[in-house]
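In what follows, a single structure is set out as structure tokens and then discussed.
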Protein chains: 2
Amino acid sequence: MQKEKDTSTERSILEAAKRVFQNKGMDGARMQEIADEARINKAMLHYYFRSKELLFEAVFKKAFALLAPQLNAILNDDSSIEEKIKNFTTNYISFIIKHPYLPNFIIQELNRNPNFIEKLATNNGFPNIQKFKGQVRDEIEKGIIIPIGAEQLFINIMALNIFPFVAKPLIKAFANLDEGAMDALIEARKNEVSNFIINAIKIK
Amino acid sequence: MQKEKDTSTERSILEAAKRVFQNKGMDGARMQEIADEARINKAMLHYYFRSKELLFEAVFKKAFALLAPQLNAILNDDSSIEEKIKNFTTNYISFIIKHPYLPNFIIQELNRNPNFIEKLATNNGFPNIQKFKGQVRDEIEKGIIIPIGAEQLFINIMALNIFPFVAKPLIKAFANLDEGAMDALIEARKNEVSNFIINAIKIK
DNA sequence: TTATGGTTTAACCGTTTGGTTGACAAATTT
DNA sequence: AAATTTGTCAACCAAACGGTTAAACCATAA
């Protein structure tokens, strides 16, 4: 029929699979539901992707490929740490507001199967902390920021940016927030978070 | 046989169910596996808990009941915010090191079924932010800490404490850490995190 | 000793699951 | 236009699933 490698059928399967896997996870997802969502026969899923496992892998890799460049922005960019934190925080939160399912999906499935990350870690473009490490040491030496391990700072930045999306139902309940108030809180974090981090590490 | 409400069988089912549910989640867990783990017949699971759903609820509520008092420590305690942050951080991280599965389990299952939290929110002892809110406003007025929304501060504290456990596989990969190095990093956070937060909010 | 009532088991059941098959339709090649 | 390849479907399958049943088991009370 078509010669394009990306058949329209293949694309609609991937989109449907993305929606279902992200809502229900690997274990909770059903092949029949994905087929219905894509409005095709269940046999087609196997024709294009052979098995549930492989279809899931395709979806997962695509999701991860979306996230990775965002993280490389803070790890491999050349600007100062303060600038990086400001840019990353605004950009990352805007990005996740558009893909709210993403962090949860990746974290959940990586915990289910930690070896999974090895299938990704070999790819080039996989985020790596080396350059960031050097930069942190540099700015500490120059007296720009207080002494802190690059790994700890990196964890803190990730945590403050990602956690609210992951723990949304929990936070909503503890703080008595409805959906709208929670979204407003997250929106405000675009500025709040970078100020918080910079306050914590910058020498005035 | 026994008249105790907590039969040894019931206890061993709950323990087995905890292990299996925490590793595989509600959808990934199998009743047969729980039975094998508890070394009893599968029918016993239904005899004591009627259905998978109810068994899961029992495990989930128990897990949540373990976590809730930890959070109330920071929300409803009377000491100053600085003291609370210091105590909470050390205590909470020590606590989670002993129950590393907990945050992930609760977050994962709450995202799968957000209505679930309503079954818990009615209980007394359910964490609530009201008192903490007043305290934050107070210390801001007195010039002890910088202006910050209580909700934002609460999210930040939760994020910095909990996130590393939730995102462990991801962080390990990005920072090229083996299990031991990662554990050392987390251990160090008992002090790191409270310093970081206090640096960020305290007026010197 | 024998009823009694909670506890435990092996075997079973209907349904759902991921996956397969074989026939057929629509392109592509010859 | 015939032959071949690629795409699509309804029907099917064996295995796994959560849950049930009926009979056995066993400590205690009568």
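Owing to the predicted nature of the structure, the values given are computational and were not obtained by experimental measurement. Each chain gets a letter, A, B and so on, in the order its sequence line appears, and its residues count up from 1.
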Residues passing the side-chain contact (heavy atoms from CB on, under 4.5 Å) test with Ala184(A), sequence neighbours excluded, are none
Contacts of [X] that satisfy salt bridge (charged side-chain N to carboxylate O under 4.0 Å, His left out) - sequence neighbours left out:
{"X": "Glu109(B)", "value": "Arg112(B)"}
{"X": "Asp77(B)", "value": "none"}
{"X": "Lys133(A)", "value": "Glu151(A)"}

Specify the residues of residues 23-31 of chain A, ordered by number, for which at least one heavy atom lies under 4.0 angstrom from an atom of DNA chain C.
->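 Under 4.0 Å from DNA chain C: Ala29(A), Arg30(A), Met31(A).
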So which of residues 15-22 of chain B are in contact with DNA chain C, with a heavy-atom cut-off of under 4.0 Å?
->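 Contacts with DNA chain C under 4.0 Å: none.
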With side-chain hydrogen bond (donor to acceptor under 3.5 Å, both in side chains) as the rule and sequence neighbours excluded, what pairs involving [range] come up?
{"range": "residues 21-30 of chain B", "answer": "Lys24(B)-Glu33(B)"}
{"range": "residues 37-46 of chain A", "answer": "Arg19(A)-Glu37(A)"}
{"range": "residues 159-187 of chain B", "answer": "Lys168(B)-Glu179(B), Lys168(B)-Asp183(B), Lys172(B)-Glu179(B), Glu187(B)-Lys190(B)"}

Considering non-hydrogen atoms only, spot the tightest contact between Ala159(A) and Pro164(A) and give its length.
->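 In terms of heavy atoms, the two residues are closest at O-CD, 4.0 Å.
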Nearest-angstrom distance from the residue atom [atom1] of [X] to [atom2] of [N]:
{"X": "Gln32(B)", "N": "dT17(C)", "atom1": "CD", "atom2": "C1'", "result": "17 Å"}
{"X": "Asp36(A)", "N": "dT17(C)", "atom1": "CG", "atom2": "C1'", "result": "14 Å"}
{"X": "His46(B)", "N": "dC13(C)", "atom1": "NE2", "atom2": "P", "result": "17 Å"}

Compute the ring centroids of Phe126(A) and Phe174(B), then answer whether they are less than 6.0 Å apart.
->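 Ring centroids of Phe126(A) and Phe174(B) are less than 6.0 Å from each other.
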Hey, could you give me each pair passing salt bridge (charged side-chain N to carboxylate O under 4.0 Å, His left out) that has a residue in residues 83-93 of chain A? Not counting sequence neighbours.
->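 Residue pairs with at least one partner in residues 83-93 of chain A: Glu82(A)-Lys86(A).
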Can the positive tip of Lys61(A) be found less than 6.0 Å from the middle of the six-membered ring of Phe64(A), inside 45° of the ring normal?
->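 No; the conditions do not both hold, so Lys61(A) does not lie above the ring face of Phe64(A).
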Assess Lys98(B) against Phe95(B): is NZ or CZ under 6.0 Å from the centre of the six-membered ring, and within 45 degrees of the ring's axis?
->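 So Lys98(B) doesn't make the cation-pi contact.
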Of residues 47-59 of chain A, the positions that come close to DNA chain D - non-hydrogen atoms, cut-off under 4.0 Å | Tyr47(A), Tyr48(A)
Filtered N/O pairs between nucleotides 9-13 of chain D and protein, under 3.5 Å:
residue: dC9(D); atom: OP2; partner: Asn41(A); partner atom: N; Å: 3.3
residue: dA10(D); atom: OP2; partner: Asn41(A); partner atom: ND2; Å: 3.3
residue: dA10(D); atom: N7; partner: Asn41(A); partner atom: ND2; Å: 3.0

Is the distance from OP1 or OP2 of dT7(C) to the nearest side-chain N or O of Thr9(B) less than 4.0 Å?
-> no
Candidates Ile74(B), Asn76(B), Leu67(B), Leu75(B) - the one meeting side-chain contact (heavy atoms from CB on, under 4.5 Å) with Pro127(B) =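 Of the listed options, the one satisfying the test is Leu75(B).
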